[in-house]
2 protein chains.
Amino acid sequence: MAVSFAQIRATRDDVFTENCPTRVVLDHVMSKWGVLVLLALTDGTLRWGELRRTVDGISEKMLASTLRTLESDGIVARTAYPEVPPRVEYALTPRGEQLMVRMLPLMEWIADEADDIVGR
Amino acid sequence: MAVSFAQIRATRDDVFTENCPTRVVLDHVMSKWGVLVLLALTDGTLRWGELRRTVDGISEKMLASTLRTLESDGIVARTAYPEVPPRVEYALTPRGEQLMVRMLPLMEWIADEADDIVGR
DNA sequence: CAGCATCCTGTCAGATACTG
DNA sequence: CAGTATCTGACAGGATGCTG
């Protein structure tokens, strides 16, 4: 295995402690809707309505709160154009891209194995 | 970027659809306690009590249900020894190790960036 | 020691309606 | 179009007590 957990723990010993920053980021980024929104943005900028349609089943409320969280974490960038009708675009920031580079192999594996795991 | 989301989507077009296997596995594996338990098991077998102490803040109920889910997904293996007092050990299965190989780089990045993201 | 059964509660998330 | 506001129910999750 390329990197062991002990290695992570060596540089940061509070990964398992409640209320440590790692857990907070973990909850934002690995949340049910968080991953799906990030995944949707991986291939490029999307508008609010496109996101809503792409992430099947997400409510407006959850989309809004997910986007706000990811934006305040500096993972997603929001750009509003002063037009009528309004146009707002969402994209990954450089930090968000760094994140997705690491998350995509994981997603790819899950997508491949899912049928076997759930058992169909 | 090594792998794009479009690439995943090409082999599996239902990633964004509700109630598809991918979403189920995603919910199990990326759940709040799921990741932490998996992380704890990455460096080797642990007993129930060790897991409980390692994953700070987890309740017995959540530990039990998390382990049952991961076991039924074939990601974690449970071994009970017929002794008094009872001894039960949990370890990653080969499938679980495959998963963690892909999750560790992500965890490492999150652990590194967490302080910056949360802003301390 | 390693759990399960039960009860209880707070939060999250869905539905609906409204607005700049 | 891109949201916000409010209400409500469901369920995640905690506390407690018990058992093989």
Side-chain angles (χ1 to χ4, degrees), chain A residues 16-20 23-38 40-41 44-73 76-92, chain B residues 16-20 23-38 40-41 44-73 76-92:
Chain A
F16 277 121
T17 309
E18 284 199 82
N19 305 117
C20 79
R23 286 230 188 153
V24 175
V25 175
L26 220 50
D27 283 348
H28 295 178
V29 154
M30 317 269 276
S31 71
K32 169 171 179 168
W33 298 118
V35 262
L36 295 173
V37 166
L38 287 173
L41 292 176
T45 300
L46 286 179
R47 299 180 59 171
W48 164 275
E50 292 172 327
L51 268 173
R52 181 144 174 45
R53 281 187 300 276
T54 306
V55 182
D56 188 41
I58 196 170
S59 66
E60 296 190 341
K61 181 184 170 183
M62 283 299 101
L63 180 55
S65 98
T66 301
L67 284 171
R68 252 183 277 122
T69 303
L70 294 176
E71 194 194 350
S72 82
D73 285 348
V76 162
R78 186 194 120 112
T79 315
Y81 298 89
E83 306 173 351
V84 177
R87 184 169 111 247
V88 181
E89 293 187 342
Y90 294 90
L92 294 180
Chain B
F16 278 120
T17 309
E18 283 199 84
N19 304 117
C20 79
R23 286 230 187 151
V24 176
V25 176
L26 219 51
D27 282 349
H28 295 177
V29 155
M30 317 270 274
S31 72
K32 169 171 180 166
W33 298 117
V35 263
L36 295 173
V37 166
L38 287 172
L41 292 177
T45 301
L46 286 179
R47 300 180 58 171
W48 165 275
E50 293 172 326
L51 268 173
R52 180 143 174 47
R53 282 188 299 277
T54 306
V55 182
D56 189 40
I58 196 170
S59 68
E60 296 189 342
K61 182 183 171 184
M62 281 300 102
L63 180 55
S65 98
T66 301
L67 284 171
R68 249 183 282 122
T69 303
L70 294 176
E71 195 195 349
S72 81
D73 285 347
V76 162
R78 186 194 121 113
T79 315
Y81 297 89
E83 305 173 353
V84 178
R87 185 169 110 248
V88 180
E89 293 186 341
Y90 294 90
L92 294 181

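Letters A, B, ... mirror the listed sequences (proteins, then strands); counts begin at 1. Remember, it's a predicted structure, so these values are computed and weren't measured experimentally.
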Would you say A:L41 and A:V76 make side-chain contact, with heavy atoms under 4.5 Å? yes

Quantified as the angle between the terminal helix axes (five pairs each), what is the overall bend of the helix from C:dC1-D:dG20 to C:dG20-D:dC1 to 10 degrees? 60°

Listed by chain and number, what are the side-chain contact (heavy atoms from CB on, under 4.5 Å) partners of B:A80, not counting sequence neighbours? B:R78, B:V88

Numerically ordered, the residues 47-59 of chain B set in heavy-atom contact under 4.0 Å with DNA chain D is B:S59

B:R52 meets the salt bridge (Lys or Arg N to Asp or Glu O under 4.0 Å) criterion, sequence neighbours left out, with B:E60

Applying side-chain contact (heavy atoms from CB on, under 4.5 Å), name anything that partners A:V25, two or more places apart in sequence or on another chain. A:V29, B:I110, B:A114, B:I117, B:V118

Which atoms form the tightest heavy-atom contact between B:L46 and B:A40, and what is the distance? CD1-O, 3.5 Å

Check the side chains of B:E89 and B:Y81 for a donor-acceptor pair under 3.5 angstrom, ignoring hydrogens and angles. yes

Enumerate, atom names and distances included, each donor-acceptor pair closer than 3.5 Å involving a side-chain atom of residues 61-70 of chain B, sequence neighbours excluded.
from	atom 1	to	atom 2	distance (Å)
B:T66	OG1	B:M62	O	2.6
B:T69	OG1	B:S65	O	2.9

If you assign A:W33 and B:Y90 each to the DNA chain C nucleotide with the nearest heavy atom, which residue ends up on the more 5' nucleotide? B:Y90

First and last nucleotide of DNA chain C touching chain A, 5' to 3', heavy-atom cut-off 4.0 Å? C:dA13 to C:dG20

Name every residue in residues 79-87 of chain A that has at least one heavy atom under 4.0 Å from any atom of DNA chain D, in order of residue number, or write none if there are no such residues. A:P85, A:P86, A:R87

Not counting sequence neighbours, which residues clear ring-ring contact (aromatic ring centres under 6.0 Å, His included) with B:F16? List them please. B:F5

Residues in side chain to side chain donor-acceptor pair (under 3.5 Å) with B:E83, at least two apart? B:R87

Could you report the tightest heavy-atom contact between A:E50 and A:T45, atom names first, then the distance? OE1-O, 4.5 Å

Quick one: how far along DNA chain D does chain B reach, first to last nucleotide 5' to 3', anything under 4.0 Å to a heavy atom? D:dG13 to D:dG20

Audit row: A:L36, A:I58, side chain to side chain contact (heavy atoms under 4.5 Å, CB included) steps and yes/no: CA-CA 10 Å; A:L36 295 173; A:I58 196 170; over 6 Å; no

When you match A:E18 and A:R78 each to their closest nucleotide on DNA chain D, which lands nearer the 5' end? A:R78

Work out which heavy atom in B:S31 is nearest to a heavy atom in B:G34; give both atom names and the distance. OG-N, 3.0 Å

In chain order, what residues pass the side-chain contact (heavy atoms from CB on, under 4.5 Å) check against B:D56, with sequence neighbours excluded? A:T17, A:E18, A:R23

